[in-house]
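Accompanying notes for the structure given below.
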Amino acid sequence: MQTMSTESRTRYHHHGRLLVAGGVIPDAITAYRTYGNPAHPCIVFPTFYGGKLDNQTYMIGDDKVLNTQKYFVVTFALFSNGESSSPSNTPSPWNGPYFPEVSYEDNIRAQYAVLQHLGIQKVHVVVGYSMGAQQAFYWPVVYPEYVERYVVICGSARTSPHNQCFLEGPKAALVASKDFDNGHYKTQPQHGVRAYGRVYSAWAYGQTWFREHQYLQDGRFRDLASFLREDWEQKFLGDWDANDLLSLLHTWQSGDVSQVRDNGDLGKCLSQIKAKGLIMPSKSDLFFPPEDNENEVAYMKNTARLVVIDTVWGHMAGGGSNKQDDEFIQAEIEKFLEDDMSESSQSWTYILVDRLIN
């Protein structure tokens with residue numbers, strides 16, 4: 001058992017030879033960090049698309065909802081995010097474009113192995129945003145007796161056909177670029193990565209957010225063009241390998257918890273989840289619209305609560321992008337963690353909070 005630790009350095013768990021959906025990773029590595037005392041209830045907080053372990057700190061701290069004085073928080077880097085095993089850091093013959101396809105289930109089983117190594121007997125709650133939210137849905141399906149609760153922020157149990165179609169847009173922009181070279185590039189394929197960021201950007205926020213010129217960010221950017229260049233092009237140019245982006249995108253596209261069990265019957269799969277869930281879509285999310293979660297929660301009337309974030313920030317509302325949404329989300333999570341959700345009081349609750357968006 002690990003002793004008390006408030007360290008936030010990145011650690012690396014070596015799984016050895018790991019079978020995954022598309023083949024094998026010879027020496028698979030999961031990158032992770034821990035915060036707080038391992039004797040406290042464990043919270044799992046995995047990364048999202050475009051996220052590194054550094055990006056998880058917006059919810060972690062003594063004064064935040066993932067309070068390290070009360071909880072032992074473990075953050076996990078997804079396979080293909082550049083920190084865990086990825087196309088960019090795996091040696092041949094599985095390097096670059098040869099890296100095998102990896103599923104959400106592969107990630108969850110690898111994370112479970114790390115928690116076993118740390119001596120964690122039970123996960124109090126899994127919290128996730130975006131691809132992290134989809135992982136949160138997977139946890140109580142893959143390990144139904146191990147997870148007590150889960151919080152889904154801007155994510156779904158199954159990646160919808162519309163969501164899959166959107167992802168084909170930035171993917172096509174990248175792979176068709178003159179410098180991508182079918183994934184065999186020797187230097188960063190800037191033309192492709194810049195195009196990837198631009199295609200992606202339009203879907204990240206709600207239409208009203210753009211209409212209100214919130215991309216100017218209180219004078220930080222002069223116009224839309226500078227926002228796209230300095231924020232979205234640089235976001236991927238600075239920290240991301242092109243093959244990593246594509247590999248992680250495939251994991252996102254293939255998300256479907258009912259493929260773990262129940263042969264694709266999503267309703268049956270969701271209805272059997274035992275853990276208590278808090279499902280928080282963004283009202284203006286173009287990736288994971290509230291309707292997806294409404295349909296899912298209808299199968300979990302006795303175990304899950306739906307709370308819609310009333311925001312113009314689209315998908316980005318869930319990732320700590322603005323103070324108002326962040327405070328609302330953390331307050332709802334705190335209430336969920338404090339609520340004993342006794343069997344007698346459980347019901348499917350749909351809450352749309354009316355708030356003024358400045």
Side-chain angles (χ1 to χ4, degrees), residues 1-48 51-53 56 59-60 66-68 70-81 83-86 89-90 100 102-128 131-152 248 251 255 257 259-261 269 272-277 337:
M1 168 69 85
Q2 186 184 13
T3 58
M4 181 173 180
S5 171
T6 57
E7 296 178 0
S8 58
R9 64 181 176 86
T10 301
R11 303 178 181 192
Y12 301 93
H13 182 87
H14 290 258
H15 300 277
R17 188 174 178 85
L18 184 68
L19 296 177
V20 293
V24 63
I25 305 175
D27 181 20
I29 296 171
T30 295
Y32 68 101
R33 294 181 184 175
T34 65
Y35 304 81
N37 187 340
H40 290 156
C42 178
I43 292 180
V44 171
F45 189 29
T47 58
F48 51 91
K52 307 287 187 179
L53 291 171
Q56 300 302 97
M59 277 199 189
I60 302 171
L66 306 188
N67 188 333
T68 50
K70 296 171 57 178
Y71 303 109
F72 179 58
V73 182
V74 185
T75 62
F76 287 110
L78 276 158
F79 287 130
S80 300
N81 92 320
E83 295 172 310
S84 293
S85 290
S86 307
N89 60 25
T90 298
V102 180
S103 69
Y104 277 121
E105 184 178 358
D106 295 329
N107 277 278
I108 301 312
R109 294 192 183 283
Q111 293 168 18
Y112 176 78
V114 177
L115 295 179
Q116 293 298 289
H117 172 73
L118 294 175
I120 303 302
Q121 301 301 311
K122 183 81 71 173
V123 170
H124 182 55
V125 62
V126 181
V127 179
M131 283 189 75
Q134 293 195 289
Q135 291 172 81
F137 256 127
Y138 266 79
W139 264 102
V141 174
V142 180
Y143 295 105
E145 304 300 329
Y146 192 65
V147 178
E148 296 176 334
R149 303 184 184 199
Y150 63 102
V151 176
V152 169
L248 201 57
T251 302
V257 296
Q259 294 302 322
V260 176
R261 67 183 189 206
C269 178
Q272 297 180 81
I273 291 179
K274 300 177 181 179
K276 309 309 177 188
L337 293 176

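The first residue in the sequence is number 1, and the count goes up from there. As a basis for the values below, the full set of heavy atoms in this structure was taken, side chains included, without hydrogen atoms, waters or symmetry mates.
Legend: residues meeting salt bridge (charged side-chain N to carboxylate O under 4.0 Å, His left out) with Lys274, ordered by chain and number and at least two apart, are Glu145. In terms of the side chain to side chain donor-acceptor pair (under 3.5 Å) criterion, residue partners of Asp106 (sequence neighbours excluded) are, by chain and number, Ser103. The side chain to side chain contact (heavy atoms under 4.5 Å, CB included) test applied to Gln259 returns Asp256, not counting sequence neighbours. Applying the ring-ring contact (aromatic ring centres under 6.0 Å, His included) rule to Tyr143 yields the partners Tyr112, Trp139; only residues at least two apart in sequence or on another chain are considered. Under the rule for a side chain to side chain donor-acceptor pair (under 3.5 Å), Tyr71 has no partner lying at least two apart in sequence or in another chain. In this structure Thr90 satisfies the side chain to side chain donor-acceptor pair (under 3.5 Å) test with no other residue, sequence neighbours excluded. Scanning for ring-ring contact (aromatic ring centres under 6.0 Å, His included) contacts around Tyr32 gives an empty result, with sequence neighbours left out. For Tyr138, the side chain to side chain donor-acceptor pair (under 3.5 Å) criterion is met by no residue, not counting sequence neighbours.
In this structure, the side chain of Glu148 does not engage the main chain of Lys276 through any donor-acceptor pair within 3.5 Å. For the pair Thr30 (side chain) and Gln111 (backbone), a donor-acceptor distance under 3.5 Å is absent. The backbone N or O of Leu248 lies less than 3.5 Å from no partner atom in the side chain of Asn81, so there is not a single donor-acceptor pair.
Here the straight-line distance linking atom CD1 of Ile29 with atom CD of Glu83 works out to 12.0 Å at 0.5 Å rounding. Going from atom CD1 of Ile43 over to atom NE2 of His124 covers 6.5 Å, rounded to the nearest 0.5 Å. The structure places CZ of Arg9 at 8.0 Å from OG1 of Thr34, a figure rounded to the nearest 0.5 Å. Atom OG1 of Thr47 sits about 9.0 Å away from atom NZ of Lys52, to the nearest 0.5 Å. The distance from the CD atom of Gln56 to the CG atom of Leu66 is 9.5 Å, given to the nearest 0.5 Å. Remark: Gln121 CD to Leu115 CG distance equals 10.5 Å, nearest 0.5 Å.
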Going by atom type alone, with no hydrogens or angles, which donor-acceptor pairs under 3.5 Å involve a side-chain atom of residues 16-26 and a protein atom two or more places apart or on another chain?
none

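Contact between Phe72 and Gly36 at its shortest, heavy atoms only, is CD1-O, 3.5 Å. Between Phe137 and Val141 the shortest heavy-atom distance is O-CG2, 3.5 Å. For the residue pair Ser84 and Ala77, the shortest heavy atom distance occurs at OG-O, 2.7 Å. Pairing each heavy atom of Tyr150 with each of Ala275, the nearest pair is CE2-O, 3.7 Å.
Residues Val126 and Tyr146 fail the side-chain proximity criterion, which asks for heavy atoms closer than 4.5 Å. Contact check for Val260 versus Cys269: no side-chain heavy atoms found under the 4.5 Å cut-off. When side chains are defined from C-beta on, Ile60 counts as touching Thr75, because their heavy atoms get closer than 4.5 Å. Looking at heavy atoms from C-beta onward, Phe79 lies out of side-chain contact with Thr251 at the 4.5 angstrom threshold.
For the side chain to side chain donor-acceptor pair (under 3.5 Å) with Tyr104, the lone residue among Gln135, Gln134, Arg109 that qualifies is Gln134. Screening His15, His14, His13 for a ring pair (Phe, Tyr, Trp, His ring centres under 6.0 Å) involving His117 leaves a single residue, His13.
Screening residues 134-144 for salt bridge (charged side-chain N to carboxylate O under 4.0 Å, His left out) gives no qualifying pairs among residues at least two apart or on separate chains.
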Go through it in stages, so that I can follow the logic: the residues are Gln272 and Arg261, the test is side-chain contact (heavy atoms from CB on, under 4.5 Å), and I'd like the CA-CA distance, side-chain angles, deciding distance and then a yes or no.
CA-CA 10 Å; Gln272 297 180 81; Arg261 67 183 189 206; 3.4 Å; yes
